[in-house]
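Notes follow the structure.
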Amino acid sequence: MEADQSEKEAVMEAINKRLPELDKWISRPEWKILEETAEYKLFYLDEESGLRSIKSEIIIEKPMKTIYDYICDISTKVNYDHSFECGQDVTKFDDNYYLQYYKYKGKLVFSPRDFFVANYRTYSEDFCELFGTNFASDKHPAFYKIERAELIYGGFRLKKVEEGKILVTYYTLGDMHINQYLINTTLREVAYQVKYLKDILMKQP
């Protein structure tokens, strides 16, 4: 029990280091359009660090709870994040704080990548935050032949814009420890997660 409490405090510390920066980061006017249709918008921003940030937005006409529950279920992530190979809830500390593990598929020129992610979630009928950031601990060492990557920001925001219409925003900034040019060519697919998510949910009764 002592170890669990210690790990929860470490997860909360990782989140509290990054979450206060999120509003300013996600609302910057410098975002550039990557793709725009009548259905969705994809944005990118090249950071001074050399990394590329991604943000995407779509309206989904489903109840807030339906969307929230689907995203919170890690077993559904492979359905809309097509680079995602597998993952699991490592520890659920309470309804707001989680530790999760994500593994992403390798490509022809690079090996699989993985993350341990400190997650913070909060739910209301008007707004939901699903925020994740990197979690490093000696308790969770890197696996053989899998490169441990770093997630700076990643997650979803759900905002009710009117009854029955939810604005879903996906965002991510991470260091995959791969040549950034190679990563940039795949980030459009990452941004499409909102479209894939909508396609799935709108088929459900």
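When a residue number appears, it is its place in the shown sequence, counting from 1.
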For [X] and [Y], does a side-chain donor sit closer than 3.5 Å to a side-chain acceptor?
| X | Y | answer |
| --- | --- | --- |
| S111 | R113 | yes |
| Y196 | N79 | no |
| S124 | D126 | no |
| Y102 | D81 | no |

[X], [Y]: one ILVMFWY side-chain cluster at the under-4.5 Å cut-off?
| X | Y | value |
| --- | --- | --- |
| Y171 | L173 | yes |
| L45 | L22 | yes |
| L167 | Y192 | no |
| F127 | L19 | no |
| I74 | V117 | yes |

Would you name the heavy atoms of [X] and [Y] that are closest together and state the gap between them?
| X | Y | value |
| --- | --- | --- |
| E30 | R28 | OE1-CB, 3.0 Å |
| L42 | S56 | CD2-CB, 3.5 Å |
| H140 | E7 | NE2-OE2, 2.9 Å |
| F135 | A14 | CD1-CB, 4.3 Å |
| D73 | S75 | OD1-OG, 2.7 Å |
| I54 | W25 | O-CH2, 4.3 Å |

Distance from [X] atom [atom1] to [Y] atom [atom2], nearest 0.5 Å?
| X | Y | atom1 | atom2 | value |
| --- | --- | --- | --- | --- |
| L130 | Y123 | CG | OH | 11.0 Å |
| Q100 | D89 | CD | CG | 4.5 Å |
| E39 | I60 | CD | CD1 | 9.0 Å |
| K139 | L99 | NZ | CG | 8.5 Å |
| F84 | K105 | CZ | NZ | 10.5 Å |
| I152 | E47 | CD1 | CD | 8.0 Å |

Checklist entry - Does R18 count as lying over the ring of F131, i.e. NZ or CZ under 6.0 Å from the six-ring centre, within 45 degrees of the axis? => result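 So R18 doesn't make the cation-pi contact.
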Item to check | Charged tip of K195 within 45° of Y40 ring normal and under 6.0 Å | outcome: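 That pair does not qualify as a cation-pi contact.
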So [Y] and [X], do their side chains get closer than 4.5 Å, heavy atoms only?
| X | Y | result |
| --- | --- | --- |
| F116 | R148 | yes |
| L197 | F156 | yes |
| T133 | K17 | no |
| K77 | Q193 | yes |
| D95 | R121 | no |

Checklist entry - Quick one: which of L158, T76, T66 gives a side-chain contact (heavy atoms from CB on, under 4.5 Å) with I71? => result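 With I71 as partner, side-chain contact (heavy atoms from CB on, under 4.5 Å) holds for just one option, L158.
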Next on the checklist: Set out, in order, the CA-CA distance, both residues' side-chain angles and the distance that settles side chain to side chain contact (heavy atoms under 4.5 Å, CB included) for K198 and V168, then state yes or no.
Outcome noted: CA-CA 9 Å; K198 180 176 181 176; V168 177; over 6 Å; no
Next on the checklist: Would Y80 and Y170 count as a ring-ring contact (aromatic ring centres under 6.0 Å, His included) here? Give the steps.
Outcome noted: CA-CA 12 Å; Y80 57 87; Y170 168 77; 8.4 Å; no
Next on the checklist: So that I know where these two stand, are Y98 and F93 an aromatic pair - ring centroids less than 6.0 Å apart?
Outcome noted: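 No - the distance between ring centres of Y98 and F93 does not fall below the 6.0 Å cut-off.
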Checklist entry - Can you list the steps and then say if Q204 with I200 is a side chain to side chain contact (heavy atoms under 4.5 Å, CB included)? => result CA-CA 7 Å; Q204 295 183 355; I200 293 163; 4.2 Å; yes
Checklist entry - Between the side chain of K160 and the main-chain N/O of M64, is any donor-acceptor distance below 3.5 Å? => result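 Between the backbone of M64 and the side chain of K160 there is no qualifying donor-acceptor contact (under 3.5 Å).
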Checklist entry - Counting distance only, does the side-chain N/O of W31 pair as donor-acceptor with the main-chain N or O of S53 below 3.5 Å? => result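 The answer is no, because no donor-acceptor pair under 3.5 Å joins these two groups.
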Pair [X] + [Y]: basic N to acidic O under 4.0 Å:
| X | Y | answer |
| --- | --- | --- |
| D94 | K8 | yes |
| E57 | K159 | no |
| E129 | R157 | yes |

Checklist entry - Within a reach of under 6.0 Å around CD of E13, are more than 12 heavy atoms found that belong to other residues, nucleotides or ligands? => result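 Result for CD/E13: open.
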Checklist entry - Is the number of heavy atoms from other residues, nucleotides or ligands under 6.0 Å of K41 NZ greater than 12? => result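 No, the 6.0 Å shell around NZ holds no more than 12 heavy atoms from other groups.
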Next on the checklist: Could you go through F115 and Y101, starting from their C-alpha distance and side-chain angles, then the distance that decides it, and tell me whether this counts as ring-ring contact (aromatic ring centres under 6.0 Å, His included)?
Outcome noted: CA-CA 6 Å; F115 305 86; Y101 173 76; 9.1 Å; no
Checklist entry - Would I26 and Y153 count as a side chain to side chain contact (heavy atoms under 4.5 Å, CB included) if you check the C-alpha gap in whole Å, the side-chain angles of each, and the deciding distance to 0.1 Å? => result CA-CA 10 Å; I26 209 169; Y153 307 113; over 6 Å; no
Next on the checklist: The test is side chain to side chain contact (heavy atoms under 4.5 Å, CB included); show your working for K62 and I166 and say whether it passes.
Outcome noted: CA-CA 7 Å; K62 284 285 183 177; I166 307 299; over 6 Å; no
